[in-house]
Amino acid sequence: MAEPSVKRRGKPRTEAPENLALAFFALVAGWLVPGLGHVLVRRWVRALVFFTSVAVMALGGMAMKGQIFPPSFHDIFDLGGFLADLGTGMFYLGASFLGYGAGDISRATGDYGTRFIAGAGLLNLLCVLDAFDIARKRKA
Amino acid sequence: MALADTWLAYVTHLQAMVLFALFISVAFALLTKSKGSDRIRYAFWSFVAFIAIAILVAWIAFFFPR
């Protein structure tokens, strides 16, 4: 007699997630230093490309005199800008420490730069989640 | 070297858009595809779509200045 087929959704609950500590370490490290999360899970090409992309966009945005949003909870747009910028990790912290990111609205490039910095932060957040998924064996 | 002294401080809108599209397309290709050939194809078409849609939207906006 044939065994009844059992439909399963995803992995069985008894299987423990692999490298959970590494996954969370990759999450934090990847946020702080773009690409470092992928170095920890041995994805060298991704690490290099993600670091280059985030670095060029974040530093390029600052060079364009883009604005970096300080921590603010008064306005939803300021909060969104702050969270997006915070995604760049060390670039946000470094820029805040060194005094970059005051923004220059007198020139069009300042507006482009603001978008570049926010784009870099959001891109890094996606990269961090990718490293997290790789460490948890959810993705190749 | 001050960041403001680089050529990036003087980019045009089109140059900024191309730069943005290039890096985002390459990163998206690596995030979404696992095979090398798939990545190249995705990055290329994503880049083309970024530029083409932006130019299309710009032309539509041109006819509605205010």
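Labels below follow one simple rule: chain letters A, B, ... track the order of the sequence lines, proteins then strands, and each chain is numbered from 1. Note that the structure is a prediction, hence the values are computed from the model and not measured.
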Visitor: Could you tell me which portion of A:T109 (side chain, backbone, both or neither) has an atom closer than 4.5 angstrom to a non-hydrogen atom of chain B?
Guide: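 Side chain only.
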Visitor: Please flag which part of A:R115 lies under 4.5 Å from any non-hydrogen atom of chain B: side chain, backbone, both or neither.
Guide: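 For A:R115, the contact with chain B is made by the backbone alone.
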Visitor: So how far is it from A:Y92 OH to A:I68 CD1, rounded to the nearest 0.5 Å?
Guide: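 Rounded to the nearest 0.5 Å, the OH-CD1 separation comes out at 7.5 Å.
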Visitor: Which answer fits A:L123, side chain, backbone, both or neither, if we ask what part of it has an atom under 4.5 Å from a heavy atom of chain B?
Guide: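 For A:L123, the side chain is the part near chain B, not the backbone.
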Visitor: Angle class for the A:F91/A:F51 ring planes (parallel below 30°, perpendicular above 60°, tilted otherwise)?
Guide: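 A:F91 and A:F51: tilted rings.
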Visitor: Does this structure show an ion pair linking A:R136 with A:D133, if we count only N-O contacts that are shorter than 4.0 Å?
Guide: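 No, no charged N to carboxylate O under 4.0 Å.
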Visitor: Identify which part of A:V45 has an atom lying under 4.5 Å from any heavy atom of chain B, answering side chain, backbone, both or neither.
Guide: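 Interface part for A:V45: both.
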Visitor: Assign the ring pair B:F63 / B:W59 to parallel, tilted or perpendicular, where the plane angle (0 to 90°) is split at 30° and 60°.
Guide: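 Because their plane-to-plane angle lies in the 30° to 60° range, the rings of B:F63 and B:W59 count as tilted.
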